[in-house]
Amino acid sequence: MKAASFRSTALAATVVLAGFDAGSFGPALPLLREGLSLDDPRAAWLITAYVLGTLLGNPLHAWNASRTAPGRALGATLATFTLGAAVVAVAPVFPVAFLGRLLQGVGAGAFLPLCTVAVARTTDPSSRGRAVMTLSLSYGVAFLVAAAGAPTLAAWRWRALYALLATLGAVLTAAVPGAIALPRADVPTAPLDRRGLALWAASLATLAVAIQRAKAGGASGALAPALSLVVGAALLATLWRVERAHPSPLLPVALARHGTVRAVSVLALAAGCAQVFAVTLPTWAHVVVGVAAKRVGVWSLPFVLAGLVGTGLAATVIDRLGARRVVMVTGALTVAGGAAVALGGASGAAFAMGSAVLGAGVCTLAGGPLRHLLTDLDAREMAPAQSLLAMVTNVGLLAGSALTGALASTAGDTAARALGLERATVAITAATAALLVAGLAMQGGAARGSPRG
């Protein structure tokens, strides 16, 4: 019992560290920009760097998890994150800060997948859903605490915030491997797929350039982003062919044979696309509703608080209702919230209500329900499947970010920006709805078939 308690504490602390990092970045960004003399495009690259890091790190850490014990695998992710936070804390110029954020993403992106695998291996199936949802709840609470407290710390000295993250990461790096005393899964080891890694990194770099240009140029300057997307798509197609022929691919393409994995991947795209609202809602409050820039944080509370409540409620019912029904409810809330914000226009009341509904949907959907749908895979496939889920979610986030950037440029007067935000909100809501419908239909078909799809 004592070992189980230490393990639960270590897993929760790891997820809390990720939530604190995510919740603190937004409030600290203005001061970080000022301290490093960054313009808007370079500040945006710090966000993209983190997402790119998660996409690059997830398959690497999944491969490492197949070679070593879960505690050591998670310790490696914590060490990478800690190094990244330390680099940001001492960064004298933008390129160094970019590297630090990239390393933070490489490490933190694997926290939830590996913690989920550890929970699934040690929890009875009858209560597994609640245990997985509890991880998401811990993340949400840490996110909220960080969002509330980080501005004070960052205002004093933004570097202290990242020094604190590095210190906490170092403590967990030392403690977690011993606390999570689980044996290595009985999976044959395989050499690292270096060719797949190179193609994956090249694909991500190309797509990142396309997304940043879309954000900067808006719809009128779409040629360069379109060309970059074509090149990125070609690299991804090549990567797919290479990985399908590889005996031990970096990307778990063989999991596509499972109907459930294919369906959950489509749902993860929807969840990632909808996560863009967490970034755009404060801007909506400022540009469309007319809230003063220094008060947009207060107007973000309905989204975050409703997300915490929704995640907590889902944790209490998921084992009784099933993950599919929870996904249906939270998906419907996400679409309804997006529509409410879009239709509410400049109304503060409509924005508060819509953002609360969005928070209950997006924060819950992006958490445990989708991960729980993949906990029935065997030990050989569970870690790669959880890694794939995190990767696809971030691909959806990047796609949603690119779509939003193309429709809602920061150029132009307030009226033009408001119109762009309205169009982007409608587009993201529609895309999320279409992906949810497709994914749920696929998941229903997989559930009626064999358990292995």
Side-chain angles (χ1 to χ4, degrees), residues 51-70 72-74 76-77 80 102 105-107 109-114 116-117 120-121 184-208 231-269 272 370-371 373-399 439 442 446 451-453:
V51 178
L52 290 176
T54 66
L55 288 168
L56 185 62
N58 271 305
L60 285 173
H61 288 299
W63 171 78
N64 187 49
S66 70
R67 302 172 62 253
T68 186
R72 291 187 177 183
L74 192 55
T77 70
T80 307
L102 183 71
V106 169
F111 286 176
L112 275 173
L114 294 183
T116 300
V117 172
R121 288 185 58 183
R184 184 178 71 86
D186 187 17
V187 180
T189 59
L192 179 63
D193 174 18
R194 291 183 173 84
R195 186 179 180 187
L197 176 60
L199 281 170
W200 181 230
S203 301
L204 293 177
T206 305
L207 294 173
V231 174
L235 286 170
L236 287 175
T238 303
L239 174 65
W240 179 263
R241 290 195 299 271
V242 168
E243 295 298 87
R244 289 194 65 180
H246 198 284
S248 302
L250 177 75
L251 302 183
V253 295
L255 290 174
R257 72 182 184 276
H258 295 308
T260 296
V261 173
R262 293 195 299 270
V264 174
S265 294
V266 175
L267 292 172
L269 283 174
L370 297 183
R371 291 198 301 277
L373 285 171
L374 296 180
T375 57
D376 289 334
L377 298 174
D378 60 39
R380 294 174 301 169
E381 297 177 322
M382 194 181 299
Q386 293 293 334
S387 173
L388 177 65
L389 176 60
M391 290 167 58
V392 173
T393 301
N394 279 301
V395 168
L397 175 58
L398 284 176
M442 293 168 62
R452 296 292 176 194

Query raised in the report: Could you go step by step and tell me if Asp193 and Glu243 meet the side chain to side chain contact (heavy atoms under 4.5 Å, CB included) rule?
Result: CA-CA 9 Å; Asp193 174 18; Glu243 295 298 87; 2.5 Å; yes

Are [X] and [Y] close enough that some pair of their side-chain heavy atoms sits under 4.5 Å apart?
| X | Y | result |
| --- | --- | --- |
| Pro249 | Arg244 | no |
| Thr260 | Met442 | no |
| Leu388 | Ser265 | yes |
| Leu397 | Thr393 | no |
| Val106 | Thr77 | no |
| Leu255 | Arg262 | no |

Provide the closest heavy-atom pair for [X] versus [Y] in the form atom of the first, atom of the second, distance.
| X | Y | result |
| --- | --- | --- |
| Ala268 | Val392 | CB-CG1, 3.9 Å |
| Ala201 | Leu56 | CB-CD1, 4.2 Å |
| Leu192 | Leu197 | CD2-CD2, 4.3 Å |
| Pro113 | Ala390 | CG-CB, 3.8 Å |

Query raised in the report: Quick check: does any side chain N or O of His246 sit under 3.5 Å from a backbone N or O of Ser248, one acting as donor and the other as acceptor?
Result: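 Such a contact is found between His246 side chain and Ser248 backbone.
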
Requested in this report: Spell out, as yes or no, whether a donor-acceptor pair under 3.5 Å connects the side chain of Trp200 to the backbone of Pro59.
Outcome: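 Here the side-chain-to-backbone pair does not exist.
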
Report task. Please step through side chain to side chain contact (heavy atoms under 4.5 Å, CB included) for the pair Val264 and His258, ending with a clear verdict. Result -> CA-CA 10 Å; Val264 174; His258 295 308; over 6 Å; no

Report task. Enumerate the residue pairs fulfilling side-chain hydrogen bond (donor to acceptor under 3.5 Å, both in side chains) with a member in residues 51-65, sequence neighbours excluded, ordered by first and then second residue. Result ->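 Passing the test, one end in residues 51-65: Thr54-Asn394.
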
Requested in this report: Rounded to the nearest 0.5 Å, what's the gap from CZ on Arg241 to CG on Leu236? Could you check?
Outcome: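 Those atoms lie 11.0 Å apart.
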
